[in-house]
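We count ligands from 1, going down the list as the structure has it; atoms in each ligand are counted the same way. Heads up: numbering here begins at 1 and tracks the sequence.
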Amino acid sequence: MNILAISGSLRQQSLNTRLIVALQQRAAADCSIAMATLHDIPLYNGDDEERDGIPAAVSKLRERMVAADALILATPEYNAGMPGVLKNALDWLSRPPELMAPTFAHKPLALCGATPGGLGTTLAQAGSLQVLRQFKVQLYPEHLRVSSAHQQLDASGSPDQRLASALDRWLAGFIDFAGYSRS
Ligand code: FNR
């Protein structure tokens with residue numbers, strides 16, 4: 001299975017990017033997880049869209065999403081919601097409206113998130129669910145929430161033993177779900 005994981009953080013030392021690296025490390029041989037970041041996605045501006053169309057970086061990300069069997073979104077939590085960079089990318093990806101369904105509809109998608117805090121991005125994920133409802137993805141019902149992530153993921157993204165086991169279980173469940181959803 002070919003999964004594309006999108007990090008919702010631009011930070012070099014991002015815990016959410018590290019969480020994706022940890023998932024890449026734990027992926028079994030029959031599953032590859034590629035990572036996409038949102039560094040090149042400009043701020044949505046309807047004037048720019050009208051003048052220049054969809055930015056190349058958005059189209060490139062869309063192509064990678066369409067080619068993937070399944071998607072993972074790793075969202076930080078900013079003020080109890082998803083960060084603007086992730087919402088901005090989703091807004092671009094919903095344009096033009098006729099490309100929304102080919103990009104997202106029925107695509108297996110899993111949400112995960114990491115925070116140094118104690119509540120594991122619960123509120124960001126609640127907000128993400130509301131947004132993702134518009135996109136009609138096939139949402140994996142188990143959301144991975146990593147609290148105290150700075151203590152569980154080292155600087156290279158390697159998880160400690162307890163998190164590694166949790167990632168293994170979550171990923172295996174998602175792969176089953178995605179395989180079932182697409183069959
Ligand atoms: C945060 N952070 C945060 N954490 C949390 O658990 N709940 C929250 O509501 C917020 N709010 C928030 C707002 C803003 C503007 C910032 C910059 C940060 C802390 C956040 O979880 C922490 O910075 C993470 O490390 C961000 O994710 P990355 O960049 O490490 O992936």
Next on the checklist: Below a 4.0 angstrom heavy-atom separation, can you tell me which part of Ala80, side chain or backbone, both or neither, approaches ligand 1?
Outcome noted: backbone

Next on the checklist: Let me check something: do Leu73 and Tyr78 share a hydrophobic cluster, defined by ILVMFWY side-chain heavy atoms less than 4.5 Å apart, either directly or through other members?
Outcome noted: no

Checklist entry - Does the protein put any heavy atom within less than 4.0 Å of atom 9 (O) of ligand 1? => result yes

Checklist entry - Does a donor on one side chain sit under 3.5 Å from an acceptor on the other, for Ser158 and Gln25? => result yes

Checklist entry - With under 30° as parallel and over 60° as perpendicular, where do the rings of Tyr44 and Trp92 fit, or are they tilted in between? => result perpendicular

Checklist entry - Among protein heavy atoms, which sits nearest to atom 24 (C) of ligand 1, and what does the distance come to when rounded to 0.1 Å? => result Pro116 CD, 3.6 Å

Item to check | Nitrogen or oxygen of Gln13 less than 3.5 angstrom from that of ligand 1 | outcome: no

Checklist entry - Is it true that Asp91 and Lys87 have a side-chain N and a carboxylate O under 4.0 angstrom from each other? => result yes

Item to check | Ser14 side chain to Asn16 side chain, donor-acceptor N/O pair below 3.5 angstrom | outcome: no

Next on the checklist: Taking atom CD as the centre, does Glu98 end up with more than 12 heavy-atom neighbours from other residues, nucleotides or ligands that are less than 6.0 angstrom away?
Outcome noted: yes

Next on the checklist: To check your reading of the model: name the closest protein heavy atom to atom 19 (C) of ligand 1, its residue, and the distance in Å.
Outcome noted: Glu77 O, 4.2 Å

Checklist entry - Considering distance alone, does some N or O of Arg11 sit under 3.5 Å from an N or O of ligand 1? => result yes

Next on the checklist: For atom 21 (O) of ligand 1, what's the nearest protein heavy-atom neighbour? Residue, atom name and distance, please.
Outcome noted: Thr115 OG1, 3.3 Å

Next on the checklist: List ligand 1 atoms under 4.0 Å from Asn16, heavy atoms only on the residue side.
Outcome noted: 27 (O), 28 (P), 31 (O)

Checklist entry - Does Gly117 reach ligand 1 with a nitrogen or oxygen that is under 3.5 Å from one of the ligand's nitrogen or oxygen atoms? => result no

Checklist entry - Are any of the side-chain heavy atoms of Arg145 and Leu119 separated by less than 4.5 Å? => result no

Checklist entry - Does one side chain, of Arg62 or Thr103, offer a donor that lies under 3.5 Å from an acceptor on the other? => result yes

Next on the checklist: So, regarding Tyr78 and ligand 1 (criterion: nitrogen or oxygen to nitrogen or oxygen, under 3.5 Å), is there a contact or not?
Outcome noted: no

Checklist entry - Would you call the rings of Phe104 and Phe135 parallel, tilted or perpendicular if under 30° counts as parallel and over 60° as perpendicular? => result perpendicular

Checklist entry - Among all protein non-hydrogen atoms, which one is nearest to atom 15 (C) of ligand 1, and what is the separation to 0.1 Å? => result Asn79 ND2, 3.9 Å

Checklist entry - Hey, does Leu15 come in under 3.5 Å of ligand 1, counting only N/O atoms on both sides? => result yes

Checklist entry - Strictly under 4.0 Å, does any heavy atom of Leu119 approach an atom of ligand 1? => result no

